[in-house]
Amino acid sequence: MHLTAERVSYLHEQDIEELMNVIKETCRPSVEKEAAIVQRAVHLVRQGAVQQYTYSDDEVVVTLSAVVPFTVRLAFGRSSANCTCPTPGICEHVVAVAFHLYMQFNSLSEWLQEWRQSEVQQLALKISERTPEAWISVLGRLMDPIRAMSPSESASVFLHETDQAGQRMLPLSPFEYEWKPLFELYYQLLLIDAAMPYLQKNMDLITGDAQHYPEWQLLAWIRSQFEKIQKVVKSLGSRPRLFETDPFYEKAKDLLRGMVLGHQGLFRERILTYILLWDKLFTENAAREKERLHLQQETASEKVFLEFALDLIQNNQAQLEEIALREGGERIDCWLPIADYCLSIEMMDALNTVMNTIYPHIAKYYKSEVPFRNRLNFIRKIDGLLEEADFSGEERERMFMNYGMASVPVYADFLIERERFAEWSALMHRFDVSFDSIDSDTFRLVSQKDPMAVMPLFHTYAMRFIGEKNRHSYRRAVRIFKRMRTCAKKAGQIDFWNRYIDTVRDQYRRLRALNEEMEKGNLNL
């Protein structure tokens with residue numbers, strides 16, 4: 001007969017407790033393969049794979065609705081558990097059913113926390129050996145659940161796992177005040193390294209706008225990790241360095257290089273972390289020259305940007321220009337974070353070098369690589385960098401010609417700044433920009449500076465409102481006519497205005513409501 005999970009759990013509460021103890025003894029969190037069984041079982045439970053129970057003579061049969069369905073048989077009277085999968089011994093399917101039954105009246109999260117805590121106790125013994133290798137081994141073990149995560153897992157699950165890793169790290173941290181920040185630096189570098197595969201598969205392009213909530217969560221997490229690294233680096237830089245820490249700093253350079261060059265995507269976060277550490281923490285010239293030798297042995301294509309970063313830190317302008325000339329500007333996604341950094345530290349010669357390198361390739365990159373939702377922000381960023389790099393107005397305007405309609409807000413600001421009001425008005429006409437999307441202050445400025453330039457645009461909007469044929473729209477049209485009247489008066493075109501408004505009145509003499517509103521407006525001069 002079919003029973004609910006709650007009923008089965010109620011009937012065999014003690015048997016389920018014993019099964020959970022067997023799982024705790026069998027699946028040790030310190031053994032990767034055994035810990036993976038628990039992780040996959042938790043994933044099955046979260047996916048809802050465990051559903052219907054068939055119960056008979058103290059025996060429960062459950063078929064898990066997974067990609068490949070398997071049947072689990074729990075014989076409580078004989079304390080046995082079997083599964084149709086080929087895995088010998090206890091498997092993730094048996095564990096998933098046990099978890100599902102246990103969580104009906106208990107907290108599975110608390111059980112998992114206690115299970116992982118046993119691992120922390122074992123790791124604490126291992127980390128008592130204070131060497132870089134011991135730290136990497138222990139902290140790397142904490143990252144196993146994050147590395148094992150499927151890209152299909154939700155952002156909430158990812159954040160939960162990273163939070164759990166942080167909780168398990170705290171008891172392992174050294175007691176000494178001088179060692180704590182260095183341990184935290186190791187933890188942050190290994191955490192980001194473990195999280196990168198999940199992040200890059202869930203967010204091909206991370207920006208700060210127009211994102212769904214899960215993407216926003218991941219973006220906020222990335223930013224918080226970078227802020228934590230900044231705090232750690234600041235703390236390390238403000239303290240005298242112990243002789244015993246030298247091997248740890250040397251190994252940290254390898255961890256940093258591996259984290260930056262070992263992944264694809266999210267280059268901004270990787271390169272900024274690299275620059276931060278080499279600018280604030282590894283300040284010796286000899287160490288930087290040694291790092292160049294390491295980079296020459298790397299095969300990753302992005303290593304050239306790390307070389308550029310080292311020269312940027314050392315303000316070696318000649319070498320920067322040589323690297324930019326050799327590399328070219330096709331990799332705009334890699335050059336832009338460096339350009340932002342140059343601007344933030346006011347290295348204008350380096351910024352000019354970067355922008356001149358990418359300038360010929362911006363249009364192609366924009367059309368093929370920039371998603372529609374990010375195009376306006378991209379245009380604003382590029383134009384702002386070109387302006388800071390002292391590109392001429394003609395060069396900046398040439399870029400607007402490649403962007404199309406997405407550039408209208410930025411190009412409009414560009415024209416207004418240069419008081420090219422007639423061209424601004426033509427731009428609004430060309431791309432059929434709606435009346436409500438134009439700021440009233442902009443209309444006011446153009447009306448004061450060049451009143452006749454805006455008259456054709458006002459006419460277009462007024463005719464459009466009249467065409468809607470309702471009293472509310474007629475009133476809006478009359479308000480525009482009043483603005484036009486003010487512009488004509490300011491330009492000394494009184495006769496023109498009177499002829500114009502009489503012509504409009506005559507053209508629409510059959511629209512009684514419009515004529516009433518126009519009479520109220522007292523539009524003639």
Correct closest heavy-atom pair for Glu92 and Ala41 would be O-CB, 3.4 Å
Are the side chain of Asn374 and the backbone of Val370 linked by a donor-acceptor contact shorter than 3.5 Å? no
Interatomic spacing from CG in Leu427 to CZ in Arg420 - rounded to 0.5 Å: 10.5 Å
Can you establish whether the number of heavy atoms outside Lys180 located under 6.0 Å from its atom NZ is more than 12? yes
Check whether any side-chain heavy atom of Lys280 sits under 4.5 Å from a side-chain heavy atom of Lys234, and report yes or no. no
For a side chain to side chain contact (heavy atoms under 4.5 Å, CB included) check, start with the C-alpha distance between Leu336 and Lys381, then their side-chain angles and the critical distance, and finish with the verdict. CA-CA 9 Å; Leu336 282 182; Lys381 175 181 284 295; 4.3 Å; yes
Is the number of heavy atoms from other residues, nucleotides or ligands within 6.0 Å of CD (Glu284) greater than 12? yes
In terms of side-chain geometry, is the basic nitrogen of Arg476 or Asp436 positioned less than 4.0 Å from the acidic oxygen of its partner? yes
Check whether any side-chain N or O of Ser368 sits under 3.5 Å from a backbone N or O of Lys364 as a donor-acceptor pair, and report yes or no. yes
Has the side chain of Arg147 got a donor or acceptor atom that lies under 3.5 Å from a matching backbone atom of Gly140? yes
Donor-acceptor pair between Tyr411 and Glu397 side chains, under 3.5 angstrom: yes
Within the 4.5 Å heavy-atom criterion, are Trp424 and Ile438 side-chain neighbours or not? yes
Under 6.0 Å between ring centres: does that hold for Phe458 and Phe481? no
Do Asp311 side-chain atoms and Gln319 backbone N/O form a donor-acceptor pair below 3.5 Å? no
Ring centres under 6.0 angstrom apart (Tyr366, Tyr403): yes
When you check the side-chain N and O atoms of Gln317 and Thr353, is any donor under 3.5 Å from an acceptor? yes
Cationic N near anionic O, under 4.0 Å, Lys303 to Glu298: no
Which heavy-atom pair separates Val454 from Pro451 by the least distance, and what is that distance? CG1-O, 3.3 Å
Roughly how far, to the nearest 0.5 Å, is the CZ atom of Arg475 from the CD atom of Glu517? 5.0 Å
So do the side chains of Phe465 and His472 get within less than 4.5 Å of each other, counting heavy atoms only? no
Considering non-hydrogen atoms only, spot the tightest contact between Glu161 and Pro145 and give its length. OE1-CB, 3.6 Å
Per side chain to side chain contact (heavy atoms under 4.5 Å, CB included), Ile192 is matched among Ile222, Ile229, Val260 by Ile229
cation_pi(Arg270, Tyr274) dist<6.0 Å, angle<=45: no
With no hydrogens and no angle check, is any side-chain donor or acceptor of Ser344 less than 3.5 Å from a backbone partner on Tyr341? yes
Are Met452 and Phe496 side-chain neighbours, meaning at least one heavy-atom pair lies under 4.5 Å? yes
His43/Gln39 under side chain to side chain donor-acceptor pair (under 3.5 Å): CA gap, chis, key distance, verdict: CA-CA 6 Å; His43 182 64; Gln39 294 299 324; over 6 Å; no
Audit row: Asp279, Leu312, side chain to side chain contact (heavy atoms under 4.5 Å, CB included) steps and yes/no: CA-CA 9 Å; Asp279 185 32; Leu312 186 63; over 6 Å; no
Is it true that atom CZ of Arg418 has more than 12 heavy atoms of other residues, nucleotides or ligands lying nearer than 6.0 Å? yes
With Arg464 as the cation and Phe435 as the aromatic partner, state whether NZ or CZ is under 6.0 Å from the six-membered ring centre and within 45° of the axis. no
Main-chain N/O of Glu269 paired with Thr273 side-chain donor or acceptor, under 3.5 Å: yes
Out of curiosity, Asp144 CG to Met149 CE, how far, rounded to the nearest 0.5 Å? 13.5 Å
At their closest point, which heavy atom of Tyr187 faces which heavy atom of Thr162, and how far apart are they? OH-O, 3.8 Å
Heavy-atom side-chain contact between Leu281 and Leu185 under 4.5 Å: yes
Note, Met484 side chain near Trp497 side chain (heavy atom, < 4.5 Å): yes
Starting from the C-alpha separation in whole Å, work towards a yes-or-no answer on ring pair (Phe, Tyr, Trp, His ring centres under 6.0 Å) for His459 and Tyr500. CA-CA 10 Å; His459 170 77; Tyr500 168 83; 5.6 Å; yes
Using only atom types and a distance under 3.5 Å, with no angle test, would you say the side chain of Thr460 pairs donor to acceptor with the backbone of Pro456? yes
Starting at CD1 of Ile466, measure out to CG of Leu514 and round the result to the nearest 0.5 Å. 5.0 Å
Check the pair Phe183 / Phe248 against ring pair (Phe, Tyr, Trp, His ring centres under 6.0 Å), numbers first and verdict last. CA-CA 9 Å; Phe183 186 80; Phe248 290 85; 9.5 Å; no
Does some side-chain heavy atom of Phe378 sit less than 4.5 Å from a side-chain heavy atom of Ile362? yes
Judged by modelled atom types alone, do Asp254 and His294 share a side-chain donor-acceptor pair under 3.5 Å? no
Identify the two heavy atoms, one from Trp335 and one from Ala324, that lie closest to each other, and give their separation to 0.1 Å. CH2-CA, 4.1 Å
At what distance, to the nearest 0.5 angstrom, does CG of Leu182 lie from NZ of Lys251? 13.5 Å
Verify side chain to side chain contact (heavy atoms under 4.5 Å, CB included) between Trp278 and Arg288, making sure each step is shown before the conclusion. CA-CA 8 Å; Trp278 277 102; Arg288 290 169 178 169; 3.7 Å; yes
Donor-acceptor under 3.5 Å (Ser407 side chain, Gly404 main chain): yes
Any side-chain heavy atom of His263 sitting closer than 4.5 Å to one from Leu199? no
Can you check whether Leu445's main-chain N or O pairs, donor with acceptor, with Gln448's side chain at less than 3.5 Å? no
With the threshold set at 4.0 Å, does a side-chain nitrogen-carboxylate oxygen contact exist between Asp439 and Arg444? no
Ring of Phe226, cation from Arg223 - is the NZ or CZ under 6.0 Å from the centre and inside 45° of the axis? no
Take Glu153 and Phe158, measure what side chain to side chain contact (heavy atoms under 4.5 Å, CB included) needs, and give me the verdict at the end. CA-CA 7 Å; Glu153 286 282 15; Phe158 169 81; over 6 Å; no
So, for Ala339 and Leu385, which heavy atoms are closest and what is the spacing to 0.1 Å? CB-CD1, 4.0 Å
Is it true that Ser156 and Ser154 share a donor-acceptor pair across their side chains at a distance under 3.5 Å? no
To the nearest 0.5 Å, what is the distance between CD on Glu321 and CG on Leu325? 9.0 Å
Test salt bridge (Lys or Arg N to Asp or Glu O under 4.0 Å), reference Arg257, set Glu291, Glu307, Glu250, output is Glu291
Any side-chain to backbone donor/acceptor pair from Ser425 onto Ala453? Under 3.5 Å, distance only. yes
